[in-house]
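Accompanying notes for the structure given below.
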Amino acid sequence: MKKENDSVATEFILLGLSSSWGLQLFLFLIFLLFYMATVFGNLLIVVTVQADAQLLQSPMYYFLGHLSFIDLCLSCVTVPKMLGDFLQQGKTISFSGCLAQIYFLHFLGASEMFLLTVMAYDRYVAICNPLYYLTVMNRQLCFQLVFACWCGGFIHSITQIILVIQLPFCGHNELDNFYCDVPQVIKLACMDTFVVEVLMVSNSGLLSLVCFLVLLFSYAVILIHLRTHFREGRSKALSTCASHLTVVSLIFMPCVFIYLRPFCSFSVDKVFSVFYTVITPMLNPLIYTLRNADMKTSMKKLRKKYVAPHCLVKG
């Protein structure tokens with residue numbers, strides 16, 4: 001590792017997912033397909049919501065558009081770097097690049113957690129107080145809630161950076177992962193990091209756990225309320241809640257596992273990291289579009305409006 005005054009790290013070595021060249025090429029092709037599906041799927045949802053005025057006026061799809069935008073950005077934080085590293089033997093990242101990954105990963109991740117909590121509140125109002133839904137969830141409130149989510153993510157990520165940037169790095173510089181994250185970076189500091197670890201767990205770990213418990217409680221209240229609904233309305237509401245709960249589980253369970261424990265390494269850490277940074281952003285569009293009739297209808301209208309005339313002109 002290059003050093004300045006024997007205390008400042010200038011780069012870290014990423015051990016990645018594998019040291020086998022053949023396996024790295026295979027993983028490159030697999031994750032390239034995942035990344036393309038993530039970008040295309042989330043971009044399609046964002047464009048569909050923005051192009052359909054009826055969807056854009058609906059609070060649920062307004063939030064869904066922002067969720068897809070966050071997933072689109074989140075996939076670009078770690079995956080492009082990982083894909084490039086698959087094609088070379090030496091995998092390094094600069095200290096500033098490492099801090100940038102930590103910042104954007106936690107900024108977007110925390111914003112998504114807050115947004116999912118807001119979406120649970122939106123479903124609660126829609127199902128439990130349908131007559132007042134549009135009055136309560138007006139456009140101004142929706143904008144304020146989304147803005148609060150972004151602000152919460154910013155504050156959370158800045159806290160992470162402030163704690164990490166003050167650590168001295170002067171020895172071992174190998175990160176046992178394919179990207180930079182707080183648990184791995186802290187272990188490289190040449191000082192007693194017990195207090196920092198407690199602060200990190202209290203910040204990231206408790207944030208994930210509290211949001212997860214709030215979401216579970218809110219959906220439990222919704223499900224109890226649905227017992228009094230007629231079958232047709234109940235079926236549609238249950239379908240929507242099932243989609244949201246699936247996304248919540250895919251996002252929060254890996255985060256709780258990674259951050260809500262002492263910073264010791266487990267063999268499955270990389271699996272959870274891949275799931276959180278690569279798989280989940282790809283699955284979110286599939287979960288929402290394949291189970292949502294309104295979204296599929298809007299996509300068909302969008303295709304007929306823009307794609308079909310273009311094909312006729314070519315023909």
Side-chain angles (χ1 to χ4, degrees), residues 17 26-49 55 60-83 86 101 104-120 122-123 149 153 177-179 181 208 211-212 215-216 218-219 236-259 268-299:
L17 297 177
F26 173 76
L27 291 176
F28 170 79
L29 295 176
I30 295 297
F31 285 116
L32 178 61
L33 293 176
F34 285 172
Y35 181 60
M36 292 173 62
T38 301
V39 172
F40 176 77
N42 284 292
L43 189 61
L44 181 61
I45 290 180
V46 172
V47 171
T48 301
V49 172
L55 289 184
M60 184 179 75
Y61 294 105
Y62 177 76
F63 295 138
L64 179 59
H66 280 275
L67 179 66
S68 294
F69 177 73
I70 292 176
D71 280 331
L72 178 63
C73 296
L74 186 61
S75 67
C76 297
V77 175
T78 60
V79 180
K81 169 66 176 171
M82 177 181 64
L83 291 175
F86 279 141
Q101 277 196 340
F104 286 108
L105 183 69
H106 285 268
F107 173 47
L108 296 168
S111 299
E112 184 165 11
M113 289 182 182
F114 293 135
L115 183 59
L116 288 170
T117 307
V118 168
M119 292 175 69
D122 170 71
R123 289 301 85 204
C149 292
N177 213 328
F178 60 92
Y179 68 100
D181 200 4
S208 303
C211 288
F212 187 44
L215 284 164
L216 291 181
S218 63
Y219 282 114
K236 184 177 181 180
L238 282 173
S239 177
T240 302
C241 289
S243 299
H244 289 201
L245 281 172
T246 303
V247 172
V248 165
S249 300
L250 292 174
I251 292 175
F252 281 91
M253 292 181 67
C255 290
V256 170
F257 177 82
I258 292 173
Y259 298 112
V268 295
D269 280 358
K270 291 183 182 181
V271 176
F272 279 96
S273 296
V274 168
F275 211 87
Y276 172 65
T277 60
V278 181
I279 306 299
T280 302
M282 179 189 68
L283 292 180
N284 284 354
L286 298 177
I287 292 171
Y288 280 108
T289 55
L290 292 180
R291 295 176 59 89
N292 193 292
D294 293 334
M295 183 64 69
K296 288 188 288 186
T297 301
S298 296
M299 287 181 178

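Excluded from the calculations below are hydrogen atoms, water molecules and symmetry mates; all remaining heavy atoms, backbone and side chain alike, are included.
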Next on the checklist: Applying side chain to side chain contact (heavy atoms under 4.5 Å, CB included) to Phe272 and Cys255, what does each step give before you reach the verdict?
Outcome noted: CA-CA 8 Å; Phe272 279 96; Cys255 290; over 6 Å; no
Checklist outcome for this item: What one should report as the nearest heavy-atom pair of Phe114 and Gly153 is CE1-N, 3.8 Å
Checklist entry - Taking all atoms of both residues into account, what is the closest heavy-atom pair of Phe178 and Lys270, and its distance? => result CE2-O, 4.4 Å
Item to check | Pairwise side-chain contact, Lys81 with Tyr179, heavy-atom cut-off 4.5 Å (strictly under) | outcome: no
Next on the checklist: Taking CZ in Phe69 as the centre, count heavy atoms belonging to other residues, nucleotides or ligands within less than 6.0 Å. Is the count above 12?
Outcome noted: no
Item to check | Phe86: which of Leu17, Ile30, Leu32, Leu29 passes side chain to side chain contact (heavy atoms under 4.5 Å, CB included) | outcome: Leu17
Checklist entry - At what distance, to the nearest 0.5 angstrom, does CG of Asp71 lie from SG of Cys73? => result 9.5 Å
Checklist entry - Do any N or O atoms from the side chain of Ser68 and from the backbone of Gly65 form a donor-acceptor pair under 3.5 angstrom? => result no
Next on the checklist: Are there over 12 heavy-atom neighbours, none belonging to Tyr219, within less than 6.0 Å of that residue's OH?
Outcome noted: yes
Checklist entry - In Å and rounded to the nearest 0.5 Å, what is the CE to CE distance from Met295 to Met60? => result 7.5 Å
Next on the checklist: Please determine whether side chain to side chain contact (heavy atoms under 4.5 Å, CB included) holds for the pair Leu74 and Thr277, giving the CA-CA distance in whole Å, both sets of side-chain angles, and the decisive distance to 0.1 Å.
Outcome noted: CA-CA 7 Å; Leu74 186 61; Thr277 60; 6.0 Å; no
Item to check | Rounded distance [0.5 Å steps], CD1 in Ile70 versus CZ in Phe63 | outcome: 11.5 Å
Checklist entry - Is any side-chain heavy atom of Pro281 closer than 4.5 Å to a side-chain heavy atom of Phe34? => result no
Item to check | Spacing of CD1 belonging to Ile279 relative to CD1 belonging to Ile251, to within rounding of 0.5 Å | outcome: 13.0 Å
Item to check | Derivation and outcome, side chain to side chain contact (heavy atoms under 4.5 Å, CB included), residues Asn284 and Glu112 | outcome: CA-CA 12 Å; Asn284 284 354; Glu112 184 165 11; 3.5 Å; yes
Item to check | Check: Leu105 and Tyr276 side chains under 4.5 Å, non-hydrogen atoms | outcome: yes
Checklist entry - Heavy-atom count around Met299 CE within 6.0 Å, excluding the residue itself: above 12? => result yes
Next on the checklist: Using side chain to side chain contact (heavy atoms under 4.5 Å, CB included), reason through Leu67 and Leu116 one step at a time and then give a plain yes or no.
Outcome noted: CA-CA 8 Å; Leu67 179 66; Leu116 288 170; 4.2 Å; yes
Checklist entry - Are any non-hydrogen side-chain atoms of Gln101 and Asp181 less than 4.5 angstrom apart? => result no
Checklist entry - Going by heavy atoms in the side chains, are Phe31 and Val274 under 4.5 Å from each other? => result yes
Item to check | Euclidean distance, Leu72 CG relative to Phe40 CZ, rounded to 0.5 Å | outcome: 12.5 Å
Next on the checklist: Could you tell me if the side chain of Pro285 sits less than 4.5 Å from the side chain of Leu44, heavy atoms only?
Outcome noted: no
Checklist outcome for this item: OG of Ser249 to CG of Leu215, rounded to nearest 0.5 Å, is 9.5 Å
Checklist entry - Do Phe252 and Phe212 have ring centroids that are under 6.0 Å from one another? => result yes
Next on the checklist: Within the 4.5 Å heavy-atom criterion, are Phe275 and Thr280 side-chain neighbours or not?
Outcome noted: yes
Item to check | Atom of Tyr35, atom of Leu83 and distance for their closest heavy-atom approach | outcome: CD2-CD1, 4.2 Å
